Amino acid sequence: MEIPSRQLRNFNFDAIEHHRDYLYVDDLVTAILLLAHGKKCRGEVYNLSAGTYLPTPQMLKTIVEQAVQVEKEFDSDRAEKILNNGISIHVRSTGATVHAITKQHLNGSKIEDATGFRSQADFLSSLRETIRFYRNYLKTKNEGC
């Protein structure tokens, strides 16, 4: 599958020095179900922390690296193109007055104490699973099936 050059572009951000916790969707669903079934949890607010805390540039780099690993399973030439895709990330100087929280690191001890919830997903394995899902979804969509 060829990547048309017109799709290559720059990604512009107002800031990329954010640090965030990343949680796999399967863990999120488990946490929601545990909370929904716990009467003592009603009306409470919980943080969901997965233990994967990364700065935005590292997350973007990790996504590309894992996409390359997944694509190598199918097409090594395309994997190389992903690695050398020419997409670049730029920080804009907009002078915006809206500022994001730069370091958001959550403490999940409250939900663990209430429900026993702890993230079970391995970050890199989950990321590769997500990439495989979207690779298959987009391939099927593009084939008209």
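The structure displayed is predicted, hence computed values, not measured ones. What's counted below: heavy atoms across the whole structure, side chains too, no hydrogens, waters or symmetry copies.
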Self-check item: Check ion pair E73-R132 (N to O, under 4.0 angstrom)
Solution: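 Counted as a salt bridge, because a side-chain N and a carboxylate O are separated by less than 4.0 Å.
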
Quiz item: Ion pair present between K110 and E44, side-chain N to carboxylate O less than 4.0 angstrom?
Solution: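 The answer is yes: the pair qualifies as a salt bridge.
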
Are [X] and [Y] connected in the hydrophobic side-chain network, where two residues link if heavy atoms are under 4.5 Å apart?
X: F123; Y: L106; answer: no
X: L127; Y: L54; answer: yes
X: L35; Y: V45; answer: no
X: L124; Y: V70; answer: yes
X: V68; Y: F74; answer: no

Taking atom types as modelled and ignoring hydrogens, do the side chains of [X] and [Y] form a donor-acceptor contact shorter than 3.5 angstrom?
X: Y24; Y: Q120; answer: no
X: S109; Y: N107; answer: yes
X: Q66; Y: T62; answer: no

Quiz item: Quick check: does any side chain N or O of T30 sit under 3.5 Å from a backbone N or O of D26, one acting as donor and the other as acceptor?
Solution: yes

Quiz item: Backbone N or O of A121 within a donor-acceptor pair of the D27 side chain at under 3.5 Å?
Solution: yes

Working to the nearest 0.5 angstrom, can you tell me the gap between [X] [atom1] and [Y] [atom2]?
X: I111; Y: L34; atom1: CD1; atom2: CG; result: 7.0 Å
X: R78; Y: S76; atom1: CZ; atom2: OG; result: 12.0 Å
X: R135; Y: R128; atom1: CZ; atom2: CZ; result: 15.5 Å
X: Y46; Y: D113; atom1: OH; atom2: CG; result: 9.5 Å
X: I32; Y: L48; atom1: CD1; atom2: CG; result: 7.5 Å
X: I82; Y: K72; atom1: CD1; atom2: NZ; result: 10.5 Å

Quiz prompt | Over all atoms of both residues, closest heavy-atom pair of D77 and D75 | solution =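 Closest heavy-atom pair between D77 and D75: N-OD1, 3.1 Å.
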
Self-check item: Y137 and Y134 aromatic ring geometry - parallel, tilted or perpendicular at 30°/60° bounds
Solution: perpendicular

Exercise. Test side-chain contact (heavy atoms from CB on, under 4.5 Å) on L23 and S49 and set out the steps.
Key: CA-CA 7 Å; L23 180 70; S49 175; over 6 Å; no

Quiz prompt | Listed partners of Y53 passing ring pair (Phe, Tyr, Trp, His ring centres under 6.0 Å), at least two apart | solution =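 Per chain and number, Y53 pairs via ring pair (Phe, Tyr, Trp, His ring centres under 6.0 Å) with H19, H105.
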
Practice problem: State, with a plain yes or no, whether a side-chain heavy atom of R20 is found less than 4.5 Å away from one of M59. | Solution: no

